[in-house]
Amino acid sequence: MFKLSSLKHRLRTRSDEKRHVCHLCPKAFRTATLLHNHVNAHTGNKPHKCSECDTAFVTRGELSRHRRYKHTLERPFKCTICEYSSVEASKMRRHVRSHTGERPYPCHLCSYASKDACKLKRHMVTHTGRILG
DNA sequence: GGTCACTAGCGCCCCCTGCTGGT
DNA sequence: ACCAGCAGGGGGCGCTAGTGACC
């Protein structure tokens, strides 16, 4: 849904696109917070610690997701076809392909097609003997 | 105009399981 | 029967972008 405040925010942040440059690599970001998270990933600094298992993360979002996976067991994404539910929408999309049979990742060396980009990569090892990339 | 919090999205790695073909 | 190779399904995390609220 369109929101005026959102548009204003985009317009005002557009002017300074990616001017926050990492001093450890060539990457640049729109905001200082994004840069800060990125630098923490470089340094291994993980300030967001789980209160229940002491696992630590770079961002609060990662911690939030971890808590759903490990502690709250909250699975907001429900499959409409079976009983499966998931923590993440992307996992649900991947699951739904097991119902639809959709295989969007074709192998260019054989007739195989995968439902999952990662599985295609693994499959390629059977052709090349090694991981590509 | 900046920061923060949250969510969404893509990608990667890993594990377990079942099937299949060779021995 | 046993084993190895492979694919299917899924869990968990790394990282970045988008968005809305607040200062």
Side-chain angles (χ1 to χ4, degrees):
Chain A
M1 193 61 183
F2 178 80
K3 288 244 184 162
L4 187 60
S5 61
S6 171
L7 177 61
K8 283 178 180 173
H9 191 267
R10 270 204 301 275
L11 288 174
R12 72 183 188 225
T13 54
R14 208 180 172 84
S15 60
D16 61 348
E17 268 180 25
K18 298 194 173 183
R19 64 180 176 80
H20 300 270
V21 182
C22 177
H23 63 285
L24 297 171
C25 78
K27 282 202 161 190
F29 300 87
R30 283 189 301 101
T31 70
T33 304
L34 286 173
L35 173 60
H36 188 67
N37 289 339
H38 172 79
V39 170
N40 277 344
H42 271 304
T43 61
N45 181 28
K46 297 180 177 182
H48 302 279
K49 202 170 183 177
C50 177
S51 58
E52 301 192 48
C53 70
D54 282 355
T55 309
F57 299 89
V58 169
T59 69
R60 189 176 286 271
E62 291 169 51
L63 173 58
S64 170
R65 184 178 53 180
H66 160 82
R67 287 180 50 76
R68 281 200 290 273
Y69 268 119
K70 294 290 195 181
H71 305 303
T72 69
L73 306 182
E74 181 190 358
R75 291 166 170 266
F77 301 95
K78 314 284 184 192
C79 180
T80 57
I81 300 170
C82 71
E83 297 299 306
Y84 176 76
S85 59
S86 175
V87 170
E88 298 179 76
S90 62
K91 298 295 183 289
M92 181 55 65
R93 281 195 295 275
R94 187 174 66 178
H95 166 79
V96 167
R97 288 193 199 118
S98 69
H99 291 303
T100 65
E102 183 192 3
R103 291 170 178 269
Y105 303 97
C107 174
H108 64 282
L109 296 175
C110 72
S111 60
Y112 174 77
S114 174
K115 298 168 183 172
D116 184 329
C118 185
K119 297 300 183 297
L120 175 60
K121 187 174 180 179
R122 186 178 63 180
H123 162 81
M124 294 310 288
V125 177
T126 66
H127 293 304
T128 64
R130 64 189 174 88
I131 302 285
L132 294 176

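Lettering follows sequence order; numbering is per chain, from 1.
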Exercise for the section: With sequence neighbours left out, write down each residue that passes side-chain hydrogen bond (donor to acceptor under 3.5 Å, both in side chains) with A/Ser98, or none if nothing qualifies. Expected result: none
Problem - A/Glu62: side-chain hydrogen bond (donor to acceptor under 3.5 Å, both in side chains) partners, not counting sequence neighbours - result: A/Thr59
Practice task
Please tell me which of the listed nucleotides, C/dA17, C/dG10, C/dC15, lies nearest to the side chain of A/Arg30?
Solution key: C/dA17
Exercise for the section: Please name all residues satisfying side chain to side chain contact (heavy atoms under 4.5 Å, CB included) with A/Glu83, sequence neighbours left out, ordered by chain then number. Expected result: none
Handout entry: Spacing between A/His36 atom NE2 and B/dA5 atom C1', to the nearest angstrom
Key = 14 Å
Fill in the blank from the handout: Closest non-hydrogen contact found for A/Cys107 with A/His127 is SG-NE2, 3.4 Å
Grab the N/O contacts between the protein and nucleotides 17-23 of chain B below 3.5 Å, and write none if there aren't any.
none

Completion exercise
Checking A/Ser90, A/Ser86, A/Ser85, A/Cys82 against A/His95 for side chain to side chain contact (heavy atoms under 4.5 Å, CB included), the one that qualifies is A/Cys82
Completion exercise
Interatomic distance, NE2@A/His42 vs CG@A/Leu24, rounded to 0.5 Å, equals 5.0 Å
Handout entry: Identified side-chain hydrogen bond (donor to acceptor under 3.5 Å, both in side chains) partner of A/Tyr69 from the options A/Arg75, A/Glu74, A/Glu88
Key = A/Glu88
For nucleotides 9-11 of chain B, which of its nitrogen or oxygen atoms have a protein nitrogen or oxygen under 3.5 Å away, and what is each distance?
unit_1	atom_1	unit_2	atom_2	d
B/dC10	OP2	A/Arg93	NH2	3.0
B/dG11	O6	A/Lys91	NZ	3.3

Practice task
Tell me which residues in residues 69-81 of chain A put a heavy atom below 4.0 Å from DNA chain C, sorted by number, or none.
Solution key: A/Tyr69, A/Lys70, A/Arg75
Can you give me every donor-acceptor pair (side chain of residues 109-120 of chain A, partner residue at least two apart or in another chain, under 3.5 Å) with its distance?
unit_1	atom_1	unit_2	atom_2	d
A/Ser114	OG	A/Asp116	N	2.9
A/Ser114	OG	A/Asp116	O	2.7
A/Asp116	OD1	A/Cys118	N	2.8

Nucleotide N/O of nucleotides 3-9 of chain C paired with protein N/O under 3.5 Å:
unit_1	atom_1	unit_2	atom_2	d
C/dA7	OP1	A/His123	ND1	2.4
C/dA7	N7	A/Arg122	NH2	3.3
C/dG8	OP1	A/Arg103	NH1	2.7
C/dG8	OP1	A/Arg103	NH2	2.8
C/dG8	OP2	A/Tyr112	OH	2.5
C/dG8	N7	A/Arg122	NH2	2.7
C/dG8	O6	A/Arg122	NH1	3.0
C/dG9	OP1	A/Lys115	NZ	3.3
C/dG9	OP2	A/Lys115	NZ	2.6
C/dG9	N7	A/Lys119	NZ	3.2
C/dG9	O6	A/Lys119	NZ	3.2

Exercise for the section: Look at the side-chain N and O atoms of A/His38 and state whether any lies under 4.0 Å from the OP1 or OP2 oxygen of C/dT16. Expected result: yes
What side-chain donor-acceptor pairs closer than 3.5 Å can you find for residues 47-55 of chain A, not counting sequence neighbours?
unit_1	atom_1	unit_2	atom_2	d
A/Glu52	OE2	A/Arg67	NH1	2.9
A/Glu52	OE2	A/Arg67	NH2	3.4

Practice task
Starting at CZ of A/Arg68, measure out to CG of A/Leu63 and round the result to the nearest 0.5 Å.
Solution key: 10.5 Å
Handout entry: A/His20 side chain near A/Leu34 side chain, heavy-atom distance below 4.5 Å
Key = no
Handout entry: Partner residues of A/Arg103 under the salt bridge (charged side-chain N to carboxylate O under 4.0 Å, His left out) criterion, sequence neighbours left out
Key = none
Problem - side-chain hydrogen bond (donor to acceptor under 3.5 Å, both in side chains) against A/His36, all qualifying residues, sequence neighbours excluded - result: none
Handout entry: Sorted by number, the residues of residues 39-57 of chain A with heavy-atom contact under 4.0 Å to DNA chain C
Key = A/Ala41, A/Lys46, A/Phe57
Fill in the blank from the handout: Atom CD of A/Glu62 and atom C1' of C/dG12 are separated, to the nearest Å, by 11 Å
